> 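Have a look at this one before I ask anything.
As a basis for the values below, the full set of heavy atoms in this structure was taken, side chains included, without hydrogen atoms, waters or symmetry mates. For clarity, every value in this text was computed on a predicted model and none was experimentally measured.
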Amino acid sequence: MVKIKSYPLPTRNNIPDKEIFAYGQELLNIEDQQQNYLRKISREVIGIKNQYLSIEQQMLNSFEFVNPILSNIKTTSVRFATIIREASNLFEIISRDLYTKLFVKSTGIIDIQNFLSPDTFINLREGILSSPALQDEFNNSNILQPFKLLETWDKNSEIKPNNIPKW
């Protein structure tokens, strides 16, 4: 199978953005609010939320053994590797779903560049992680901004290796 190019972006589906995601959109009328609510309680979204909450619980459990402080940043464990793998898997699931909803389906392989290209519409680069356990310790670091490297991408060219997060 051939890799699908990440740039130029593929042809958009005819699905309005407000049916795919709510980020950055005003939900001014009751129909938009209803649609957003139905999306939030859909089986698909509930599955993603449950998976996310499971990963978050595993992270909290790991804090019993290793404090989330800068001096422990190089600490490694099999448990951390499992958490990272599961989080990466969830990112891929969400990205594939978003990508197929945004763009006309074509056969081929999609990769991290394709997964990051929807930043054009949803501004992943603005995402900041928040957790009471991490608030003070990591405030002045890029650790809480997983997509910070996308800030140097102009959204009108191919995503370069230096724009791909290193996590």
> Can you get from Leu70 to Ile128 by hopping between Ile, Leu, Val, Met, Phe, Trp and Tyr side chains that sit under 4.5 Å apart?
yes
> Do Asn29 and Gln33 pass the side chain to side chain donor-acceptor pair (under 3.5 Å) test, and can you show the C-alpha distance, the side-chain angles, and the key distance before you say yes or no?
CA-CA 6 Å; Asn29 58 48; Gln33 292 172 14; over 6 Å; no
> In this structure, are over 12 heavy atoms from other groups packed under 6.0 Å from Asn14 atom CG?
no
> Assess whether side-chain contact (heavy atoms from CB on, under 4.5 Å) is satisfied between Leu98 and Ile122, documenting all intermediate values.
CA-CA 10 Å; Leu98 179 61; Ile122 61 172; 3.5 Å; yes
> Under the side-chain contact (heavy atoms from CB on, under 4.5 Å) rule, what do Leu150 and Leu116 come out as? Steps first, then yes or no, please.
CA-CA 8 Å; Leu150 284 173; Leu116 294 172; 4.1 Å; yes
> Can Lys3 and Gln113 be said to form a side-chain contact (heavy atoms from CB on, under 4.5 Å), step by step?
CA-CA 11 Å; Lys3 180 193 175 317; Gln113 289 176 310; 3.9 Å; yes
> Could you walk me through whether Ser157 and Asp154 pass the side chain to side chain donor-acceptor pair (under 3.5 Å) test, one step at a time?
CA-CA 7 Å; Ser157 62; Asp154 65 6; 2.7 Å; yes
> Near Lys155 NZ, under 6.0 Å, is it more than 12 heavy atoms from other residues, nucleotides or ligands?
yes
> Answer yes or no: is there a donor N or O on one side and an acceptor on the other, between the side chain of Arg39 and the main chain of Glu19, under 3.5 Å?
yes
> Verify the distance criterion only: is there a donor paired with an acceptor across the side chains of Thr152 and Asn163 at less than 3.5 Å?
yes
> Between Phe65 and Phe80, is the ring centroid distance below 6.0 Å?
no
> Considering residues, nucleotides and ligands other than Lys49, do more than 12 of their heavy atoms fall under 6.0 Å from its NZ?
yes
> Does a side-chain N-to-carboxylate-O contact under 4.0 Å join Asp17 and Arg12?
yes
> Treating Ile, Leu, Val, Met, Phe, Trp and Tyr as nodes and any side-chain heavy-atom pair under 4.5 angstrom as an edge, say whether Ile93 and Ile83 lie in one connected cluster.
no
> Quick one: do Tyr52 and Ile46 end up in the same hydrophobic cluster if we chain Ile, Leu, Val, Met, Phe, Trp and Tyr together by side-chain heavy atoms under 4.5 Å apart?
no
> Hey, are Glu44 and Lys101 close enough for a salt bridge, meaning a charged N less than 4.0 Å from a carboxylate O?
yes
> In terms of heavy-atom contacts, does OH of Tyr7 have more than 12 from other residues, nucleotides or ligands at under 6.0 Å?
yes
> Do any N or O atoms from the side chain of Asn72 and from the backbone of Val66 form a donor-acceptor pair under 3.5 angstrom?
no
> With clusters defined by side-chain heavy atoms of hydrophobic residues (ILVMFWY) lying less than 4.5 Å apart, directly or transitively, does Phe115 cluster with Leu149?
no
